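The block underneath contains the structure these notes are about, expressed in structure tokens.
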Number of protein chains: 2
Amino acid sequence: MPTPQHPPADDGVEPPAHPTTGSLERILPEATLARLTQYLRALNTLQTQGQTRTSSGLLATESGVNPSILRKDLSLLGSYGTRGVGYVVTELAEHISKAMGLNQQWRVAIIGAGNLGRALSGYGGFRSRGFEIVALLDAAPDVIGSTVGELTVADTKDLASVLEATAANIAVLSVPGAAAQGLCDKVVECGVRSILSFAPVVLQVPDGVNLRKVDLATELQILAYHAQNIV
Amino acid sequence: MPTPQHPPADDGVEPPAHPTTGSLERILPEATLARLTQYLRALNTLQTQGQTRTSSGLLATESGVNPSILRKDLSLLGSYGTRGVGYVVTELAEHISKAMGLNQQWRVAIIGAGNLGRALSGYGGFRSRGFEIVALLDAAPDVIGSTVGELTVADTKDLASVLEATAANIAVLSVPGAAAQGLCDKVVECGVRSILSFAPVVLQVPDGVNLRKVDLATELQILAYHAQNIV
DNA sequence: TTCTGTGAACAGCTTCACAGCA
DNA sequence: TGCTGTGAAGCTGTTCACAGAA
């Protein structure tokens, strides 16, 4: 699993608040977040299969986790199950979506229209989950102006105006390592505070900016380690 | 089927396991593995800058971690530093590479030649780290036979023979969710025991097969959670 | 009874603080 | 003196086991 590594967003820190009284938001562990997305996916599947109810055991199997941790995760959101019965599929999905901030529309700008950027802009899994790709940018003259799906590739020189015009609130960096920090800084300057980077470099961002990293070479290297060791 | 896979850890000089435990395999924690790849990258950078020595402090900064955990990680591999001085860049890089199984050539087959598959096959970060893309396969007739870089897209119907002919020992699944489990099974049948999947589904693999997952939609969803919570 | 929700035990990872060595 | 290597403390996340509700 990719390791999260943003500096501990240390704010006042409240001990987990009352289940029902909203002391606004409770902080969910990173590991829980990753699993919640799997539960959502599993719930979707169940829903399309016409199932209206499920149990922690079934849902856990579908999600590839154990029932214990699933119940623990869900209990962090509140008590939405019925003892002796289970969970209502649609209801639970709704609660998870809400807790994860997925019932609003997110506007994503993809910076870097190389192979990876184009792949991401065409990925169906995004739109179906509330993420709209609103811009695709690149620095290469021969790419700028070309169309990818329904998008026209814009010039990274116009980054600021594009981000403003599209009201993007998430940026994806799919650019070479050497260009990443500079573009990252610009994006942050423009007020975007959530960044997903595929660049194989360590990026510095100010406090309050959320950065996640996906590192493809790292994934293969970890695989190689296991491959050489297991049996 | 009988396919040559894991090149036996021939390479006689197994670094003697931990002095205390006679156990052959010093198992490195997953979190450590992820960081080791970052150290490697940082060491590469230092090397190209002409630095021959480094310290845990410097290397930690370059890798985006704190010095304490870096020293702890390295101590799991053995003692390769000099107290009061630091580490020799090339030497340390060599030790890490070896511990991670990166000084052998890994042969990667990419299954799914859609946008993502093509992006992966062209990603420079792989080859430079000992991963050679030896095959690219797809099921779509209009894609089969086309060339991507130096590769010709093969038919997934011929998966078994292609994997055997290329002696692939790592498979990357960049196919739609619906096709993933079937292809995964086939790959495992062919003797490949290391799989990196980008498919947004839970895959079942037998014991002894190493599966890693990268889930792009999950990454954005986690980002969305933080975006809605951090003011 | 069944299956959820949760305190408590447990395991694993990170940080601290300092001993050990060049 | 400076920096590594490492026990020990602290923290976070997972599993267990069972109480509690339908």
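All chains are named by letter (A, B, ...) in the order of the sequence lines, taking the proteins before the strands, and each is independently numbered beginning at 1. Predicted model only: the values in this text are computed from it and were never measured.
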Length of the NZ-C1' vector between B:K72 and D:dT6, whole Å: 5 Å
Measuring from A:F198:CZ to B:L216:CG, what's the distance to the nearest 0.5 Å? 5.0 Å
Side-chain N or O of B:R71 closer than 4.0 Å to phosphate OP1/OP2 of C:dT15: no
Identify which nucleotide among C:dT14, C:dC13, D:dG5 has an atom closest to any side-chain atom of B:S75, counting heavy atoms from C-beta outward. D:dG5
Counting the atoms with a prime plus P, OP1 and OP2 as sugar-phosphate, which does B:S79 contact under 4.0 Å by heavy atoms, base, sugar-phosphate, or nothing? sugar-phosphate
Please state how far atom CG in A:L36 lies from atom P in D:dG13, giving the value in whole angstrom units. 13 Å
Distance in angstrom units between B:L70 CG and C:dT14 P, rounded: 12 Å
May I have the distance from B:L77 (atom CG) to D:dT4 (atom C1'), rounded to whole angstrom? 14 Å
Map B:T82 and A:V85 onto DNA chain D by nearest heavy atom, then report which one ends up closer to the 5' terminus. B:T82
Using whole Å, what does the distance between atom C1' of nucleotide D:dT6 and atom CG of B:D73 come to? 13 Å
Write down the distance between CG (A:L59) and C1' (C:dC3), rounded to a whole number of angstrom. 13 Å
C:dT15 phosphate, OP1 or OP2: any side-chain N/O from B:N66 under 4.0 angstrom? yes
Euclidean distance, A:R71 CZ relative to A:N66 CG, rounded to 0.5 Å: 8.5 Å
Whether B:Y80 contacts D:dC3 is assessed here as follows: a side-chain N or O lying under 4.0 Å from the phosphate OP1 or OP2. Is that the case? no
Sugar-phosphate only, base, or nothing, as touched by A:S56 at under 4.0 Å among non-hydrogen atoms: sugar-phosphate
Check: C:dG20 base within 3.5 Å donor-acceptor of B:R83 side chain: yes
Just verifying a value: how many Å separate A:F126 CZ and B:E219 CD, rounded to the nearest 0.5 Å? 9.5 Å
Would you mind reading off the distance between B:E30 atom CD and D:dG13 atom P, rounded to a whole angstrom? 17 Å
Is it true that the side chains of B:T32 and B:D73 contain a donor and an acceptor less than 3.5 Å apart? yes
Just checking B:R53: base, sugar-phosphate only, or nothing, at a heavy-atom cut-off of under 4.0 Å? nothing
Within this structure, what is the CD1-to-C1' distance between A:I69 and C:dG5, rounded to whole angstrom? 13 Å
Looking at CD of B:Q105 and CG of B:N169, how far apart are the two atoms once the value is rounded to the nearest 0.5 Å? 9.5 Å
